[in-house]
Colleague: 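Have a look at this one.
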Amino acid sequence: MACFATGIAIVTSKWEQQLCGMTVNSLTSVSLKPPLLLVCLAYNSRTRNAIIRSGHFAVNILSSRQAYLSERFSRPGEDHFRDIRVRPGEHDLPLIPGCLAYLICRVQSRYGEGDHDIIVASVQQTEVQPGSPLLFFRSQYHALADNAADFWYW
């Protein structure tokens, strides 16, 4: 799967005043009408547990300048929000400053497979900012090329 380029996002939630968040690249659109997405979360993650309990989460789509946040939120057991002034979104969900886009989601359904829950959610609200996305390919971070001539087309 390392040969499949993906974007990077941080999924955040809040339960009983505790902020939770984790880096994901297993995020995809399921439907446009209605707007649905899916995300895969490890059974043993605090973020997954907060999302199941609260029924809501935010997707913070990272910009090309936020690889350090991806690294931070991928380490289990740490205080990921240390020194970050989050902005409260709908349902008091933590929104991370400087992201490319934000999606406020409500859990619709959940399916257990392997060691993860596959969560299908309805997108309730969106916000988009200018910028370029952070990409992940062959276990490294990348950004989009500035010049389309850098790409080879069939």
Side-chain angles (χ1 to χ4, degrees), residues 1-14 19-52 54-78 80-81 84 86 89 93-154:
M1 292 306 297
C3 291
F4 184 62
T6 65
I8 302 287
I10 295 173
V11 172
T12 58
S13 192
K14 184 175 182 179
L19 301 181
C20 296
M22 65 186 291
T23 300
V24 299
N25 68 344
S26 58
L27 174 73
T28 192
S29 172
V30 173
S31 170
L32 295 177
K33 292 183 182 178
L36 299 172
L37 61 78
L38 74 75
V39 64
C40 299
L41 304 172
Y43 284 139
N44 62 353
S45 76
R46 292 178 297 178
T47 304
R48 174 234 177 236
N49 293 336
I51 289 170
I52 298 305
S54 72
H56 294 91
F57 62 95
V59 176
N60 300 262
I61 298 176
L62 299 184
S63 78
S64 59
R65 298 177 182 200
Q66 294 179 307
Y68 71 98
L69 286 172
S70 173
E71 290 289 327
R72 175 191 275 202
F73 279 81
S74 68
R75 292 189 291 266
E78 291 190 16
H80 299 129
F81 293 93
I84 298 176
V86 296
L93 294 169
L95 302 180
I96 298 169
C99 288
L100 191 61
Y102 304 96
L103 309 170
I104 302 296
C105 302
R106 185 184 62 187
V107 174
Q108 292 290 113
S109 53
R110 171 169 68 113
Y111 308 94
E113 288 296 334
D115 59 356
H116 280 64
D117 262 343
I118 301 165
I119 296 176
V120 177
S122 60
V123 178
Q124 306 287 297
Q125 187 178 39
T126 62
E127 182 181 323
V128 178
Q129 306 297 327
S132 180
L134 180 63
L135 302 176
F136 200 64
F137 176 68
R138 292 197 171 158
S139 302
Q140 295 182 349
Y141 296 109
H142 298 272
L144 292 176
D146 290 334
N147 186 346
D150 293 339
F151 292 97
W152 181 65
Y153 295 95
W154 286 93

Colleague: Output, in order, the C-alpha distance, side-chain angles, deciding distance and verdict of side-chain contact (heavy atoms from CB on, under 4.5 Å) for Ile84 and Leu69.
Modeller: CA-CA 10 Å; Ile84 298 176; Leu69 286 172; 3.7 Å; yes

Colleague: Tell me, do Ser29 and Leu37 make a side-chain contact under 4.5 Å, heavy atoms counted?
Modeller: no

Colleague: For the side chain of His80 and the backbone of Arg75, is there at least one donor-acceptor N/O pair under 3.5 Å apart?
Modeller: yes

Colleague: Is the shortest side-chain heavy-atom distance between Leu32 and Pro35 below 4.5 Å?
Modeller: no

Colleague: Distance from Ser45 atom OG to Ile51 atom CD1, nearest 0.5 Å?
Modeller: 7.0 Å

Colleague: Name each donor-acceptor pair under 3.5 Å that joins a side chain in residues 1-14 to protein atoms two or more places apart or in another chain, with its distance.
Modeller:
from: Thr6; atom 1: OG1; to: Asn25; atom 2: ND2; distance (Å): 3.1
from: Thr12; atom 1: OG1; to: Asn60; atom 2: ND2; distance (Å): 3.2
from: Thr12; atom 1: OG1; to: Pro94; atom 2: O; distance (Å): 2.6
from: Ser13; atom 1: OG; to: Ser54; atom 2: OG; distance (Å): 3.2
from: Ser13; atom 1: OG; to: His56; atom 2: O; distance (Å): 2.9
from: Lys14; atom 1: NZ; to: Gln17; atom 2: OE1; distance (Å): 3.4
from: Lys14; atom 1: NZ; to: Asp92; atom 2: OD2; distance (Å): 2.4

Colleague: Only pairs under 3.5 Å count here: list side-chain donor-acceptor contacts from residues 95-107, not counting sequence neighbours, and write none if there are none.
Modeller:
from: Tyr102; atom 1: OH; to: Ile96; atom 2: O; distance (Å): 2.6
from: Tyr102; atom 1: OH; to: Cys99; atom 2: N; distance (Å): 3.3
from: Arg106; atom 1: NE; to: Gln108; atom 2: OE1; distance (Å): 3.3
from: Arg106; atom 1: NH2; to: Gln108; atom 2: OE1; distance (Å): 2.7

Colleague: Ser74 and Thr23: which non-hydrogen atoms are nearest, and at how many Å?
Modeller: N-OG1, 3.4 Å

Colleague: How many angstroms lie between OG1 in Thr28 and CG in Leu36, if you round to the nearest 0.5 Å?
Modeller: 11.5 Å

Colleague: Got a second to check how far Ile118's CD1 is from Cys40's SG, nearest 0.5 Å?
Modeller: 5.0 Å

Colleague: With a 4.5 Å limit on heavy-atom distance, are the side chains of Pro133 and Ile61 in contact?
Modeller: no

Colleague: Any luck finding a side-chain donor-acceptor pair between Ser122 and Gln124 under 3.5 Å?
Modeller: yes

Colleague: Quick one: does Tyr141's side chain get under 4.5 Å of Leu134's, heavy atoms only?
Modeller: yes

Colleague: Ignoring hydrogens and angles, tell me if any N or O in the side chain of Gln140 forms a donor-acceptor pair with the backbone of Phe137 under 3.5 Å.
Modeller: no

Colleague: Report the C-alpha distance between Leu144 and Ser64 in whole Å, list the side-chain angles of each, state the deciding distance to 0.1 Å, and finish with yes or no for side-chain contact (heavy atoms from CB on, under 4.5 Å).
Modeller: CA-CA 8 Å; Leu144 292 176; Ser64 59; over 6 Å; no

Colleague: Return the minimal non-hydrogen interatomic distance between Ala58 and Leu93, and the atom names on each side.
Modeller: N-CD1, 3.8 Å

Colleague: Dump the intermediate steps for side-chain contact (heavy atoms from CB on, under 4.5 Å) on Val59 and Val39, then the final yes or no.
Modeller: CA-CA 10 Å; Val59 176; Val39 64; over 6 Å; no

Colleague: Compare all side-chain heavy atoms of Leu38 with those of Ile119 and state whether any distance is below 4.5 angstrom.
Modeller: no

Colleague: Just checking, any donor-acceptor pair under 3.5 angstrom between side chains of Gln129 and Glu127?
Modeller: yes

Colleague: Yes or no on side-chain contact (heavy atoms from CB on, under 4.5 Å) for Ile52 and Arg110, after CA distance, side-chain angles and deciding distance?
Modeller: CA-CA 9 Å; Ile52 298 305; Arg110 171 169 68 113; 3.0 Å; yes

Colleague: Roughly how far, to the nearest 0.5 Å, is the OH atom of Tyr43 from the CZ atom of Arg48?
Modeller: 7.0 Å

Colleague: Working to the nearest 0.5 angstrom, can you tell me the gap between Arg46 CZ and Leu19 CG?
Modeller: 10.5 Å

Colleague: At what distance, to the nearest 0.5 angstrom, does CZ of Phe57 lie from CE of Met22?
Modeller: 11.5 Å

Colleague: I want to know whether Tyr68 and Phe73 have ring centres closer than 6.0 Å.
Modeller: no

